[in-house]
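Excluded from the calculations below are hydrogen atoms, water molecules and symmetry mates; all remaining heavy atoms, backbone and side chain alike, are included. Here is the naming used below: chain letters follow the sequence lines, and residue numbers restart at 1 for every chain. Everything numeric in this text was worked out from a predicted model, so none of it was measured.
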There are 2 protein chains.
Amino acid sequence: MAQPKAHQVTLRSIADQLGLHVSTVSRVLNGRTGDGVRAASGDTAARIRRLAEELGYQPDPHGSGLRTGRSRLVGVLVPRLSDLVLAMIYEGIDEAAGELGLTTITANSRDDEQTRRLRTRMMLARRVDGLIFGDASLDSGFLDELAADGGKFVLVNRRAGDHPSVTADDVTGGRLAAEHLHGLGHVDVAVIAGEPYASTGTDRTAGFVGYYRDRGLAAPLVLHSPFDTAGGRAAAEKLLSRPDRPTAIFAVNDFAAIGAMGAARDHGLTVGTDLSIMGYNDTPLAAELPIPLTSVTVPTREMGRRALTSLTRLLAGEAVESERLAPTLVARASTARP
Amino acid sequence: MAQPKAHQVTLRSIADQLGLHVSTVSRVLNGRTGDGVRAASGDTAARIRRLAEELGYQPDPHGSGLRTGRSRLVGVLVPRLSDLVLAMIYEGIDEAAGELGLTTITANSRDDEQTRRLRTRMMLARRVDGLIFGDASLDSGFLDELAADGGKFVLVNRRAGDHPSVTADDVTGGRLAAEHLHGLGHVDVAVIAGEPYASTGTDRTAGFVGYYRDRGLAAPLVLHSPFDTAGGRAAAEKLLSRPDRPTAIFAVNDFAAIGAMGAARDHGLTVGTDLSIMGYNDTPLAAELPIPLTSVTVPTREMGRRALTSLTRLLAGEAVESERLAPTLVARASTARP
DNA sequence: CTGAAAGCGCTTACAG
DNA sequence: CTGAAAGCGCTTACAG
């Protein structure tokens, strides 16, 4: 026998109190308002709605989920939620989900293939209706498999293969960065490029390098590194120790840029004056740093919102196109003429 | 009629293939291994387990949830996930939850009472088994109500009322900060105290102020502010504009401290030399800043893990005690002798 | 407009 | 050791 649940309000308890059948109550409470078709007579419907409201009825998702085969649950996989950019994207996703009565569950993959598979599996076990991946690797093998198995998902922040994605136009963003530094007069420039498996880093780098190359200028130095502060510091350390050290550094991520600022200080260089450094994403910190950081703004939360919208379209059977949101550059004190 | 689900593996499909009854399969697959009691003969059990494994059986939580009245879902409410400290706590919670086969859902309350109520309601509608609040307000009215209604929850990071919580010992942390600055010789000190409704800020401030008061020294200046960089900058701006400006500032949060560093620079002060600034939480950024930030380390992820453990105990009917984790101070270049 | 039935997948007390 | 039944709460095609 089932556990008696704590005097829970169910369709049945409402139906019984009103002397109606539970199916009638269900029809009314699920009735898309504004329809021509009515689920019950105006009077009956009103009585049902009033009582449901009064008792604080909340449909049990286990019941409806079991019956409909849909959970109204969306899984969101990210490299790590403690990466501010991903946290903000997730906030956008969750905000949009909440407005549609969807619930999100999230997990960190730490950009590790095995963890990615395991956590995806756990989300599928939870019967999510669809997934949003914020941790796509350019090597899209896992996603290809998942798609082949009928998995429904969209990517956010990073693109991969031909899977539908909502990203910023990172190539353009990288080009904006190059245009800015070149415009200031920087010719010897370097890129702290992030991880090679992430389209964000590689696209920004490609845009940046392309700009210099297209003008027949010396190719920028490119160094890969983790996306965090320590990674940026280590990469900048290497760059600044070279005899032909650059006059400007473009880090594909604000946190890496902050790390680079630390390395600059260690080398006795004043950022903005002796060395220009810029970041990417324009995190809330960038403007408030002791030396405000030039960065490229990306509509992070909006990216999350759109990814969720895209996913719901996909789940509704519509075809969805990838979206590329436009970045803009914000010049601050960390970059200046050489 | 129900939607035919995509050839899903169910207890029934396994039972049919093996010529067994679904209840037998259920008993075997739920059998706590290592029991003296066996759910089925060794041979039958082995066949069931082998087939389940082979087909990749994953129990449908809608079925078990409906039946047992438990969802194995935990709700986590935070002020905002884009606050790094909360993101790290959440990571700890989710990590521990995953190890126990629990799934977490999270939401931002933005420290807004109405949002807090709404999002809690949504989690309850999702039938979470229990809740973890990372956004407790010292005015614990809402939590008192929830507890009276039989809601099961623990608090994390911030304490409130007598509700079970897992926090750092913030009073001690504040005292450590005071001891450090006083030890360096700072007498004119100020506190950027955060929001008055959060125990983190008020406890750290109380510990700090208490240390100076206990020694008969002038009471530190105390200014409340938002916990973020912009808030810290604005508060420091005020402090540094005073004729009797302090020689050291204790910000109860690293991000506020970074904002204060910006304000110092605007005033032409070199942090560490002309003005000491310290933060709290020792976020990964602190050590990597151009001027490394003195801070108080708190085992953030561990706090999250323990909160989850506490909640599972509570849900199992055990009595749980509040926990206070010990903080330690990390001295860096941002604080020095006046 | 409303009722009655079926059944989604699961667990568990009961029989044998 | 295994089966059979009941029932958790819900939705939906079918009748009337």
Nearest whole Å is fine: how far is [N] [atom2] from [X] [atom1]?
{"X": "A:D60", "N": "D:dC10", "atom1": "CG", "atom2": "P", "value": "6 Å"}
{"X": "A:R72", "N": "C:dC8", "atom1": "CZ", "atom2": "P", "value": "22 Å"}
{"X": "A:H62", "N": "C:dC8", "atom1": "NE2", "atom2": "P", "value": "18 Å"}
{"X": "B:N30", "N": "C:dC10", "atom1": "CG", "atom2": "C1'", "value": "9 Å"}
{"X": "B:H21", "N": "D:dG3", "atom1": "NE2", "atom2": "P", "value": "7 Å"}
{"X": "B:D16", "N": "D:dG3", "atom1": "CG", "atom2": "P", "value": "11 Å"}
{"X": "A:R127", "N": "C:dG9", "atom1": "CZ", "atom2": "C1'", "value": "9 Å"}
{"X": "B:Y57", "N": "C:dC10", "atom1": "OH", "atom2": "C1'", "value": "7 Å"}

Can you tell if the side chain of A:S109 reaches within under 4.5 Å of the side chain of A:R119, non-hydrogen atoms only?
->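 Side-chain contact under 4.5 Å: no.
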
Is there a donor and acceptor pair, one atom on the side chain of B:R12 and one on the base of C:dG7, closer than 3.5 Å?
->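 It does not, because no donor-acceptor pair links the side chain of B:R12 to the base of C:dG7 below 3.5 Å.
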
Over all heavy atoms of both residues, which pair between B:A136 and B:R158 is shortest? Give the atoms and the distance, please.
->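 In terms of heavy atoms, the two residues are closest at O-CD, 3.1 Å.
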
Looking at every strand, decide which applies to [X] at a 4.0 Å heavy-atom threshold: base, sugar-phosphate, or nothing.
{"X": "A:P61", "answer": "nothing"}
{"X": "B:T10", "answer": "sugar-phosphate"}
{"X": "A:S64", "answer": "sugar-phosphate"}

Is the number of heavy atoms from other residues, nucleotides or ligands within 6.0 Å of CZ (A:R110) greater than 12?
->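 No, the 6.0 Å shell around CZ holds no more than 12 heavy atoms from other groups.
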
What orientation do A:F153 and A:F133 show, parallel under 30°, tilted 30 to 60°, or perpendicular over 60°?
->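 Perpendicular: the ring planes of A:F153 and A:F133 meet at over 60°.
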
By nearest nucleotide on DNA chain D, pick out whichever of B:G63 and B:G19 is the more 5' one.
->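 Whichever sits nearer the 5' end wins; that is B:G19.
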
Taking OP1 and OP2 of D:dG3, is either one under 4.0 Å from a side-chain nitrogen or oxygen of B:T24?
->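 Result: yes.
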
